[in-house]
Amino acid sequence: EGAFGGANGTAQLVVFVLPAYVALRQASRGVWPLLWICGGFVSITMLLMTVSRGAMVAILIAYPLAAYTFRRYISARQVLYCVGGLVILGAVALAVVGPHFVTLFLERVVTESGASDVGALSSGRSDIWLRAIEKMMAFPVTLITGFGWNVYDTMGFFYATHNYYLQLWFELGLVGLGSFVLLVWRTLSTVRASVDRAPTQARGALMAFVFGFGAFLISLFFTGAGEQCPYVWALAGVSLRMAICALDLSGSRERDMARG
């Protein structure tokens, strides 16, 4: 179990905050960069100890996409430095946690990821998802309306959905799922749009949020939303406030220039 109710929840939070460590490292001076490097090292160690393949898939998908989105501000050299640093810190972390976790990591990430059976490849998630969808297919109207708020755990399923989007669809139907997708998309797109207009000192934090929030949203495809979510939404609120302020400031400057 992790610090936030489960290993997957802890891994979710780590992939969300890890880009913030990088941004704070870049913006700091003096001894502060060393502090943020140590924080990043501890976070990477926690991530490896959770052996959460969903979180690692989220990193492999979200981080490169975000880096490409911000290619105007992130050079290829910076990308190589960050990747190299993460690899080095990961290798040191594996050496620190000991052979037991190294064996577990290799078994989960390498051996199971190479499985030819879909059930084994997804750690049984595909079977869980199929049973939930079969239940909905038995009552076709629920494909649109859902069964109702928080009823999944009362319907005799032995395992959790391990997919937050499926859980929303199962319980709240297309309206609930669509509302959540619209909410997170607007959050992500608003912060992304503010980066070009934000002051230099705020740009790193906004880009870090896009990196981390994108990874968090992808990781929700492999697990639920648990005790880590209040921290994610708190930082999302702060980032949205920064983004709106940056957009308003830019708009005010443009209006002043038009009047002048």
Side-chain angles (χ1 to χ4, degrees), residues 1-28 31-71 74-115 120-123 125 204-205 207-223 226 228 231-232 235:
E1 291 296 315
F4 299 93
N8 289 323
T10 301
Q12 274 185 323
L13 191 61
V14 170
V15 300
F16 175 66
V17 302
L18 198 56
Y21 285 115
V22 177
L24 290 168
R25 158 65 182 84
Q26 298 284 23
S28 301
V31 299
W32 289 103
L34 182 61
L35 176 65
W36 298 120
I37 290 174
C38 291
F41 171 73
V42 172
S43 296
I44 291 173
T45 303
M46 291 176 62
L47 176 62
L48 295 177
M49 291 178 69
T50 64
V51 201
S52 174
R53 290 188 297 163
M56 295 174 190
V57 169
I59 287 177
L60 292 175
I61 296 176
Y63 288 6
L65 285 176
Y68 180 78
T69 300
F70 297 122
R71 61 192 181 280
I74 303 175
S75 65
R77 177 179 295 182
Q78 289 176 312
V79 172
L80 290 176
Y81 282 156
C82 289
V83 172
L86 290 174
V87 170
I88 292 172
L89 290 177
V92 174
L94 286 175
V96 169
V97 298
H100 169 69
F101 282 104
V102 174
T103 302
L104 179 62
F105 177 83
L106 294 176
E107 178 182 346
R108 288 271 295 160
V109 175
V110 178
T111 304
E112 291 188 16
S113 297
L121 182 63
S122 63
S123 298
R125 284 176 171 82
M207 288 193 296
F209 174 78
V210 174
F211 273 82
F213 197 58
F216 171 75
L217 294 178
I218 292 174
S219 70
L220 287 177
F221 191 81
F222 304 100
T223 187
Q228 72 282 3
Y231 301 93
V232 175
L235 189 53

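Numbering starts at 1 and runs along the sequence shown. It should be emphasised that the depicted structure is a prediction, and the values quoted were computed from it without experimental measurement.
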Any [X] side-chain heavy atom under 4.5 Å of [Y] side chain:
X	Y	answer
L48	M56	yes
F70	V210	yes
V15	L47	yes
R25	L35	no
F213	V232	yes
L235	F16	yes
F222	R53	no

Problem - Interatomic spacing from OG in S75 to OH in Y81 - rounded to 0.5 Å - result: 8.5 Å
Considering all heavy atoms, the nearest [X]-[Y] contact:
X	Y	result
S43	Y21	OG-CE1, 3.2 Å
F41	V92	CE1-CG1, 3.6 Å
P19	Y63	CD-OH, 3.3 Å

Completion exercise
ring-ring contact (aromatic ring centres under 6.0 Å, His included) filter on F216, not counting sequence neighbours, yields none
Practice task
For F221, check ring-ring contact (aromatic ring centres under 6.0 Å, His included) against everything at least two apart and list the hits.
Solution key: W129
Could you work out, with side-chain contact (heavy atoms from CB on, under 4.5 Å) as the rule, every residue matching [X], not counting sequence neighbours?
X	result
A58	A215, I218, S219
V42	M46
L86	L18, I44
V87	V83

Practice task
For the pair Q26 (side chain) and A23 (backbone), establish whether a donor and an acceptor sit closer than 3.5 Å, ignoring hydrogens and angles.
Solution key: no
Completion exercise
By side chain to side chain donor-acceptor pair (under 3.5 Å), S28 pairs with (sequence neighbours left out) W36
